[in-house]
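As a basis for the values below, the full set of heavy atoms in this structure was taken, side chains included, without hydrogen atoms, waters or symmetry mates. Small disclaimer: the values here were computed from a predicted structure and weren't measured. Here is the naming used below: chain letters follow the sequence lines, and residue numbers restart at 1 for every chain.
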There are 2 protein chains.
Amino acid sequence: MSLIKQSSTIQQNKKIALNLCPVTYTLEKIGGYWKPFIIYHLVEGVKRYGELKRAIPAITEKVLIQHLKQMESDGLIIREAKAVVPPFVTYRLSVAGLKILPVIQAMAQWATDDMEQSTSDHLAAD
Amino acid sequence: MSLIKQSSTIQQNKKIALNLCPVTYTLEKIGGYWKPFIIYHLVEGVKRYGELKRAIPAITEKVLIQHLKQMESDGLIIREAKAVVPPFVTYRLSVAGLKILPVIQAMAQWATDDMEQSTSDHLAAD
DNA sequence: ACAAGTACTTACCCCAAAGTGTGTATCCAT
DNA sequence: ATGGATACACACTTTGGGGTAAGTACTTGT
């Protein structure tokens, strides 16, 4: 899955950051390009792979799978496959995935606030 | 400032994501590699450029400046320079920067919770 | 017999973020 | 006059995430 060079400075720094900073830890888990979208759609409930794909048309299959695998191994979502053919695979949020929803909600709230404020100008905080 | 190719698919997708998803908007602003560290140190109050540099030894000057410029133009922090020599430049959080602190706090909280949970095993959410 | 649907997998390319290294103007202390 | 401190700027390289495109195994529908 696209090998990573553990020796590279960037990986060393990532380790430093993960040790020192819990915020970086969280960013690692939800920071993928389309991960917020996936979470958003899984809030509605259990979804099949194909449903997610159709719900997010701009995402490519490779990246979708990639994100799903990462989020699964990160414990954010749960994959369940029925041993039938054609395959029947579903995804849903785990406990940790559910617990992160308020955080995401807070991020969204700040964003909408900030977008409104930006129409007027930023002023200094004394 | 490293020019960006507006035509690339990734930039197109970024625009799509920013329009559709406020979470992505927030991730854009705090998602930089060392931005959480910068914010963390500015919580203590006004800091000079050199103080920040010494507070985060692993960061290079280029990336530090880069992040500071971005965060300034994003309205998260405020730069103030005294017209003296040698230069005297300080950075501090703006209103928007202060408002995002609870969000960051929530992210940190989720992270520490999740790290604890990960020592035991993840179970499905019914 | 052939296409369509399912859930992936693999090889390859592109590019922007991060890292490396050097340069700059001015002042002060030694 | 030489070096250090200040706050950057600029050119260059690396790297890893994301995009493109094609293939796979197996079944059902026509």
Side-chain angles (χ1 to χ4, degrees), chain A residues 1-17 24 27-38 47-72 77 79-91, chain B residues 1-17 24 27-38 47-72 77 79-91:
Chain A
M1 304 209 176
S2 70
L3 292 215
I4 36 179
K5 261 199 184 164
Q6 299 299 338
S7 58
S8 69
T9 312
I10 186 165
Q11 288 304 316
Q12 298 299 324
N13 281 348
K14 188 168 279 185
K15 281 181 191 171
I16 294 174
T24 303
L27 285 172
E28 272 283 303
K29 311 256 164 168
I30 61 171
Y33 220 91
W34 299 99
K35 284 183 188 173
F37 287 85
I38 295 175
K47 288 277 173 83
R48 291 186 64 175
Y49 169 80
E51 292 183 278
L52 287 172
K53 203 180 69 180
R54 282 185 296 273
I56 316 170
I59 199 175
T60 64
E61 296 194 63
K62 179 205 148 194
V63 173
L64 178 54
I65 287 288
Q66 200 170 281
H67 282 3
L68 288 171
K69 297 284 176 199
Q70 279 176 21
M71 295 169 76
E72 189 197 0
I77 63 175
R79 192 189 98 113
E80 264 157 342
K82 287 180 186 164
V84 295
V85 71
F88 189 96
V89 179
T90 59
Y91 294 90
Chain B
M1 306 237 185
S2 69
L3 294 214
I4 36 178
K5 257 196 186 166
Q6 298 301 338
S7 58
S8 68
T9 312
I10 187 165
Q11 288 305 317
Q12 298 299 324
N13 281 348
K14 189 168 280 186
K15 282 183 191 170
I16 294 174
T24 303
L27 286 172
E28 273 283 303
K29 311 255 164 170
I30 61 172
Y33 221 90
W34 299 99
K35 284 184 188 172
F37 288 85
I38 295 175
K47 289 276 174 83
R48 291 186 64 176
Y49 169 81
E51 291 183 278
L52 287 172
K53 203 179 71 180
R54 282 185 296 273
I56 316 170
I59 199 175
T60 64
E61 296 193 62
K62 180 206 147 193
V63 174
L64 178 54
I65 286 287
Q66 199 170 283
H67 281 4
L68 288 171
K69 298 284 176 199
Q70 279 175 23
M71 294 169 78
E72 189 197 0
I77 63 176
R79 192 189 99 112
E80 264 157 342
K82 286 180 188 165
V84 296
V85 71
F88 190 94
V89 180
T90 58
Y91 293 91

Assuming nearest nucleotide by heavy-atom distance, tell me which of N13(B) and S7(A) is located more 5' along DNA chain D.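 Upstream on the strand: S7(A).
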Gap between atoms [atom1] and [atom2], on [X] and [N] respectively (whole Å):
{"X": "F88(B)", "N": "dA5(D)", "atom1": "CZ", "atom2": "P", "value": "17 Å"}
{"X": "K5(B)", "N": "dG17(D)", "atom1": "NZ", "atom2": "C1'", "value": "18 Å"}
{"X": "Q70(A)", "N": "dC8(C)", "atom1": "CD", "atom2": "P", "value": "15 Å"}
{"X": "I38(B)", "N": "dA18(C)", "atom1": "CD1", "atom2": "C1'", "value": "13 Å"}
{"X": "E28(B)", "N": "dG18(D)", "atom1": "CD", "atom2": "P", "value": "12 Å"}
{"X": "L64(A)", "N": "dC8(C)", "atom1": "CG", "atom2": "P", "value": "9 Å"}
{"X": "I56(A)", "N": "dG18(D)", "atom1": "CD1", "atom2": "P", "value": "13 Å"}
{"X": "I59(A)", "N": "dA7(C)", "atom1": "CD1", "atom2": "C1'", "value": "14 Å"}

N/O donor-acceptor pair under 3.5 Å between Y33(A) side chain and I10(B) backbone: yes
Among the nucleotides [options], which one has an atom lying closest to any side-chain atom of [X]?
{"X": "I65(B)", "options": "dG16(D), dG18(D), dC8(D)", "answer": "dC8(D)"}
{"X": "K69(A)", "options": "dG18(D), dT9(C), dA16(C)", "answer": "dT9(C)"}
{"X": "Y49(B)", "options": "dG18(D), dC8(D), dA7(C)", "answer": "dC8(D)"}
{"X": "I10(A)", "options": "dA7(D), dC15(C), dA18(C)", "answer": "dA18(C)"}

Could I get the full list of salt bridge (charged side-chain N to carboxylate O under 4.0 Å, His left out) partners for K14(A), not counting sequence neighbours? E28(A)
Hey, mind stepping through K5(B) and Q11(B) against side-chain contact (heavy atoms from CB on, under 4.5 Å) and telling me if it holds? CA-CA 7 Å; K5(B) 257 196 186 166; Q11(B) 288 305 317; 5.7 Å; no
Counterpart residues, side chain to side chain contact (heavy atoms under 4.5 Å, CB included), relative to [X] (two or more places apart):
{"X": "T9(A)", "value": "N13(A)"}
{"X": "A81(B)", "value": "R79(B), V89(B)"}
{"X": "K15(B)", "value": "Q6(B)"}

Under 3.5 Å between N/O atoms: give me all the protein pairs with nucleotides 20-30 of chain C, atom names plus distance.
| unit_1 | atom_1 | unit_2 | atom_2 | d |
| --- | --- | --- | --- | --- |
| dT20(C) | OP1 | T9(A) | OG1 | 3.4 |

If you compare every side-chain N and O of [X] against the phosphate oxygens of [N] (OP1, OP2), does one of them come in below 4.0 Å?
{"X": "Q11(A)", "N": "dG16(D)", "result": "yes"}
{"X": "R54(B)", "N": "dT6(D)", "result": "yes"}
{"X": "R48(B)", "N": "dT6(D)", "result": "no"}
{"X": "Y91(B)", "N": "dC8(D)", "result": "yes"}

Would you mind listing every side-chain hydrogen bond (donor to acceptor under 3.5 Å, both in side chains) that reaches into residues 47-58 of chain B, with sequence neighbours excluded? E44(B)-K47(B), Y49(B)-E61(B)
